[in-house]
Amino acid sequence: MHFEFFIGRRYLRARQKQGFISLISVLSTAGVTVGVMALIVVIAVMAGAQSEFRSRILGVDSHAILMRYGGEIADYRDLIAQVQREDGVLSARPFIYTQSMLRSSSGASGAVLKGIDPPSETEIAIDGMGEAFQKLYPPEKGKDHPGDGLPIVIGKELGRKLSVVEGDTVYLISFRGMVSPIGHVPAMKRFRVAGFFASGMYQFDEAYAFVRLADAQRILKMGDTVSGIEIRVKDIYQADKIAEQIKKNLGFPYWTKDWMQMNANLFFALKLEKTAMFVILTLIVLVAAFNIASTLIMMVMKKTKDIAILKAMGATDGIIMRIFVIKGMVIGGFGTGLGVILGIIACMILKHYPFIKLPGNIYYFTTLPVQLQFADVLTIALAAIGICFLATLYPARQAAQLNPVDAIRYG
């Protein structure tokens with residue numbers, strides 16, 4: 001065992017005559033533990049929120065969209081064939097996107113109307129949406145009942161606002177109607193609620209309504225045109241490069257936008273909140289580090305004669321400095337390790353037992369999302385160890401600069 005570790009261990013294990021120093025050491029360890037544990041839990045929740053946002057948004061929206069400056073796309077079939085030949089593209093299909101209003105016998109509400117082609121199994125990423133969308137395109141013939149209205153799939157919360165159940169009738173009102181002698185008249189069409197979807201995001205579930213592409217073209221009087229083309233890729237993190245390549249190949253007047261651009265404000269806000277929470281909660285560890293520094297300063301004052309004797313026996317300034325750095329790092333390291341263990345246990349409990357409920361009309365999800373990432377835990381642990389190390393430098397330097405003659409004479 002190295003000399004510095006031997007002396008540092010003796011100082012840690014020795015019974016303190018002044019219990020106040022031991023109490024500060026315990027409080028310092030507890031402060032580091034609480035700070036590290038809080039950091040791990042909060043950062044795991046923020047990472048879980050980011051992952052939850054991403055998965056739910058991409059379950060409803062596409063990875064990238066292709067649209068045309070100036071209006072609708074007429075030659076979308078040729079464009080789809082060209083897009084699907086791009087490397088990394090999983091699928092491409094047309095869509096129509098517009099604002100509308102839904103009216104039932106119990107009320108009315110604004111809605112985002114989306115006309116879609118039948119999605120494949122690989123395109124449906126949210127539980128519960130596949131079965132609902134299949135009701136727009138039933139595999140069996142003769143399922144449509146024009147007298148009851150065309151099929152429409154609406155969000156669960158939107159259905160609650162309209163007070164409708166499956167099979168009820170709703171009227172879709174489009175502001176792209178016709179011009180009559182009395183002015184502009186909105187178009188209105190009767191639809192039958194074929195099913196509901198629950199994406200898990202309140203903002204989607206209360207606003208989105210899906211109809212068949214051909215039905216949307218008829219009610220909007222768009223002919224054989226679409227609003228754009230939805231693109232799904234194999235690697236979502238390559239969506240920006242693939243979208244840029246598609247835009248470059250097609251040229252003007254076409255433009256593309258990937259999912260990161262469409263939700264840039266949301267993900268930037270999440271990243272900013274994660275950084276802010278890391279900085280704020282690091283202050284807890286910083287306060288504990290001040291306690292470590294205070295403990296070491298008082299230890300230096302108490303061990304003045306011991307330091308003088310060690311120096312008289314040949315101990316260098318570096319050896320004395322390392323003794324007190326080791327003592328402080330043991331306190332900080334023990335607190336960091338304990339905090340990491342407790343933080344991981346807390347995250348596992350929150351993940352497997354989601355007992356914390358959140359109001360869906362305020363937050364995007366109803367339970368607290370938790371995603372523990374090794375990189376985040378490692379960053380937090382290294383940051384805590386680094387802060388504790390910096391806190392030991394001043395007391396250790398003061399101990400190293402102690403004059404042994406003065407210490408023995410006046411100690």
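For this chain, numbers begin at 1 and follow the sequence in order.
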[X] to [Y] - nearest heavy-atom pair and separation:
X    : Y    : result
S100 : L113 : OG-CB, 3.5 Å
G35  : I284 : CA-CG2, 3.5 Å
S227 : M67  : O-CE, 3.2 Å
F334 : T29  : CD2-CG2, 3.4 Å
A289 : I387 : CB-CG2, 3.5 Å
G159 : I154 : CA-CD1, 3.6 Å

Looking at residues at least two apart in the chain, or sitting in another chain, which of them share a side chain to side chain donor-acceptor pair (under 3.5 Å) with E166? K135
Name all residues meeting the side chain to side chain contact (heavy atoms under 4.5 Å, CB included) criterion together with V340; count only those two or more places apart in sequence or in a different chain, and write none if there are none.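 Residues passing side chain to side chain contact (heavy atoms under 4.5 Å, CB included) with V340: V36, I40, T336, I344, V377, A381.
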Out of curiosity, [X] [atom1] to [Y] [atom2], how far, rounded to the nearest 0.5 Å?
X    : Y    : atom1 : atom2 : value
F278 : L283 : CZ    : CG    : 11.0 Å
T275 : I280 : OG1   : CD1   : 11.0 Å
T392 : L390 : OG1   : CG    : 7.5 Å
D235 : K241 : CG    : NZ    : 9.5 Å
I331 : L27  : CD1   : CG    : 11.0 Å
W255 : E244 : CH2   : CD    : 13.0 Å

Do side-chain atoms of [X] reach the backbone of [Y] as a donor and acceptor pair under 3.5 angstrom?
X    : Y    : value
T33  : G335 : yes
S51  : G48  : no
H63  : V233 : yes
Q261 : D258 : yes
W259 : I236 : yes

Any side-chain heavy-atom pair from [X] and [Y] closer than 4.5 angstrom?
X    : Y    : value
D205 : F196 : no
P94  : L213 : yes
Y97  : I65  : no
Q217 : V226 : yes
V112 : Q99  : yes
R103 : M188 : yes
Q84  : I231 : no
D168 : V165 : yes

Checking L162 against S106 for the side-chain contact (heavy atoms from CB on, under 4.5 Å) test, could you report, in this order, the C-alpha distance in whole Å, the side-chain angles of both residues, the deciding distance, and whether it holds? CA-CA 6 Å; L162 296 173; S106 303; over 6 Å; no
Go through it in stages, so that I can follow the logic: the residues are L102 and L158, the test is side-chain contact (heavy atoms from CB on, under 4.5 Å), and I'd like the CA-CA distance, side-chain angles, deciding distance and then a yes or no. CA-CA 9 Å; L102 288 177; L158 181 58; 3.8 Å; yes
Does a sphere of radius 6.0 Å around NZ in K274 hold more than 12 heavy atoms from other residues, nucleotides or ligands, not counting ones at 6.0 Å or beyond?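 Atom NZ in K274 is packed in, count exceeds 12.
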Walk me through it: do Y394 and I297 pass the test side-chain contact (heavy atoms from CB on, under 4.5 Å)? CA-CA 8 Å; Y394 176 75; I297 290 172; 4.2 Å; yes
Of M222, K114, R212, which meets side chain to side chain contact (heavy atoms under 4.5 Å, CB included) against I96?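 Of the listed options, the one satisfying the test is M222.
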Do you know which of E230, R93, K257 makes side chain to side chain contact (heavy atoms under 4.5 Å, CB included) with S62?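 Between S62 and the candidates, side chain to side chain contact (heavy atoms under 4.5 Å, CB included) is satisfied uniquely by E230.
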Salt-bridged, R68 to D75, with N to O below 4.0 Å?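 Salt bridge flag = no for D75 with R68.
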Does any donor atom in the side chain of Q82 or N249 lie under 3.5 Å from an acceptor atom in the other side chain?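 Their side chains do not contain a donor-acceptor pair, so the 3.5 Å distance test is not met.
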My understanding is that only residues two or more places apart in sequence, or in another chain, count here; which of them pass salt bridge (Lys or Arg N to Asp or Glu O under 4.0 Å) with R397? none
Compute the ring centroids of F197 and Y208, then answer whether they are less than 6.0 Å apart.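 For F197 and Y208, the ring centres are not under 6.0 Å apart.
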May I have the step-by-step check of side-chain contact (heavy atoms from CB on, under 4.5 Å) for C388 and V32, ending in yes or no? CA-CA 9 Å; C388 294; V32 174; 4.0 Å; yes
